[in-house]
Amino acid sequence: MRWGILYDWSKELASCEPEYYRWNQWLFLQLYKRGLAYRGKAPVNWCPTDQTVLANEQVIDGRCERCGSEVVQRELEQWFLKITAYADRLDDGLDQLEQWPERVKVMQRNWIGRSVGADVEFPIPSLGKTIRIFTTRPDTIYGATFMVLAPEHPDVAALIADASDRAELERWIESVRCQSALERQEAGKEGRFSGKYATNPFTKEPIPIWLGNFVLLQYGTGAIMAVPGHDQRDFEFAKQYDLPIRIVVVPNVEPALSRFESAGEPALRQAFVENGVSVDSGVITGLPTPKAIERIIAEIGRLGIGKKMVRYRLRDWLISRQRYWGTPIPVLYCDKCGIVLVQEDQLPVVLPLDVPFTGREGNPLAKDPNFVNATCPKCGGSARRETDTMDTFVDSSWYYTRFISARDDKQIFDSRLVNRWLPVDQYIGGIEHAILHLLYARFICRTLYDMGLVNFEEPFTRLFNQGMITKEGYRDPSDNLAWVPLNEVELRDGKAYRGGHELVPEMGKMSKSRFNVVPPDDLIARYGADTERVYTLFIAPPEKEAAWSDEGVVGAYRFLGRVWNLWERVAAGFSPTGGLKAAPTQLIRKTHQTIAAVTQRIERFEFNTAISALMELSNAITDARADGADVSESYKVLLQLLHPFAPHITEELWEMLGNQRFILTSRWPEADRALMQEDVVTIVVQVNGKLRGHVEVPNPPAEEVVLSAVRGNDRIQQWVAGKQIVKTIYVPGKLVNVVVR
RNA sequence: GCGAAAGUGGCGGAAUUGGCAGACGCGCUGGACUUAGGAUCCAGUGGCCCAAAGCCGUGGGGGUUCGAGUCCCCCCUUUCGCACCA
């Protein structure tokens, strides 16, 4: 309110209200019917502090995105949305997003992690079955000297069933399973021999099957063929456990080839992972890597042991949460009928407001009999209500459509209106949403498209990532680097202290925990909302992080003060007795140049330089007025151009100038190209590339005029005297460079 | 380790296509007006030099060019992203 911001309250929505989240539930039902929502058992990320599961996107460096606790893996039945079914479309769609920052697209591409390769079955003679692996380098299959399974791989139990050291193996598997993702990675590579062998389908040799902590169950098939000669991870594992390494690809450069061969296996210090030429590889011997891959996949297909495969790093979106808040998942469990959807006309399933909170003892919803006990709509028998609620990122993945018809209680939104107004032309958000919200929203938009509800696949045409405003915070080294509240910090000689201890300043995002928040209200109370706005926009380009400085604010305050004070002097210009000179052409020119500059810079989000252009115009008006000129027209333009940045003061001054209608409704000034033209241009003169002087010539400048002016210039003549002019370069309207020897 | 972006005065930051480096603002210095100034106004403010002339100057080193903050190569630093994804 105090910022002076206008909202259309008729479009207000709140995702925690049943009027909104009933459409979350409706959407869930549609996704379920399309096979895009499913309940499944999977190893999931569990935050022990928040007592809830988390999506992969919400685990940062092995820690909970919300509270920072180390995340552990648990095997649980949970609800998922099948975002992986859209992996290729989400990846391909990035190419069309020309007005998105490149780094966001790169982050999404990495997150989706599309890999093209092949699935191949490796026979396990002792089990009488095969184990499937995924590889992006099927051309190296002749070099597969062992196999590694994730410790949690479903076939592990059968493999070690009759092992002599089975108990020890199981203990090891259990210890790996209990590790957090972070611990597991820090442990380094570790493995155990299962005791069984697979057959390499191409060399027909028996190869040992190992279990390894570095093989992930969730990616690919949870099993790999290990090619230590051509995969660095396999190489390290092979070295560690003394497994054979076989070279099947060599660099295709002749000298390198001979060196590689003569060096031999013992000298090999790392795997050769680049493309090259296959050797000792049956039908693909002699082929360059891309051709070899193509050929071997055909061969794999012919043998019926596998096929070309595209796999993704992206996992399905785990939306179950056990933390009470959020949208209840509209599902019932009936003893007879199993999973039963809540009927659409029974929505919303309302989140009860009177549940007892006992602290951190699991989901309070599960303890509320009024909520849990329900009747099965199919058989009429008793049923149990789902107590998981949805990740709140579900709400935000389609809210932008709801703004278009926020009060519609018949449908999720009015497609006709949504297709007219959307997709969003300009979306603004922090980079922290690069893969969370923006990926989910792109996914859900495509599902809406497939349901025929919207006619666009990308929700946000143009994306802009604004930077954060940062501020110094202070930590106390004598108190375990705890953050110190600002009112306890004493600043002396550019250093900070608390009770004699020197504190360590650290620049960072404003947050309550760092005690470095500058409440805008204080500044607004002191300087006004206009100053706050102008300063915030002036401080730095909006995409950049910017350090807040209290001192800098006065610059914006003074600027607005000067514009205010100008009024009295300008007002005199309206008086017929003012006896003022006409506005000088110099000022008129500056005015139109400013119109052009500010208009363009606003469009390009270059607000800091737009404001600096306004400051220049303001200074020019001040100078011209001091010179006794009538500056009223330029002043009016200044107010109009300044209005988007400082609406209150400009509106007031506009009225004081005698205008009847709001400046807001006035027509945006238009730059007159002809009036912007300088009548004299200053040409820079260089001798041997160094600045030696200027000449002024009438605009537009003719080359002969410029060159003769340069020749007639005393200073230039001094620099040229006694030298031979090798050549003269003329850049039209800008510069002359005389090259002498 | 891999990938991306960035590095310009005391500070925040300017600088179409290679063409006057430091716009604009903060801070600082001096002055004016003042009982007062943490208000306002005026002037100055990259470094070397008393000053001028001149020289140097956009993280460091090379290169291309008449001319490089801008283009190319190498290196350093910072920030961000990814990090056993087979």
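In what follows, every chain begins at residue 1, and chains take the letters A, B, ... in the order their sequences are listed.
Closest to the A:Thr622 side chain, of the nucleotides B:C42, B:G12, B:A14, is B:C42.
Not one side-chain nitrogen or oxygen of A:Arg313 sits closer than 4.0 Å to the OP1 or OP2 atom of B:C82. Of the side-chain N and O atoms in A:Asn737, none sit less than 4.0 angstrom from OP1 or OP2 of B:U65.
Under the Watson-Crick or G-U wobble criterion, with both distances below 3.5 Å, B:G44 is paired with B:C28. Across the strands present, B:G1 finds its partner in B:C82; the criterion is a Watson-Crick or G-U wobble pair with both atom distances under 3.5 angstrom. Figure legend. B:A15 is base-paired to no nucleotide; pairs are counted as Watson-Crick or G-U wobble with both atom distances under 3.5 Å.
Taking 90° from 0 as the syn/anti boundary, the base of B:G9 is oriented syn.
We find that A:Asp316 and A:Lys82 are not joined by a salt bridge, their nearest charged nitrogen and carboxylate oxygen being 4.0 Å or further apart. With salt bridges taken as basic N to acidic carboxylate O contacts below 4.0 Å, none links A:Asp95 and A:Lys105.
If you check every strand for non-hydrogen atoms under 4.0 Å, A:Gly117 touches nothing. At a threshold of 4.0 angstrom between heavy atoms, the contacts of A:Val738 with the nucleic acid are absent. At a threshold of 4.0 angstrom between heavy atoms, the contacts of A:Gln686 include nucleobase atoms, whether or not backbone atoms are also involved.
A ring-centre distance under 6.0 Å is found for A:Phe237 and A:Phe214.
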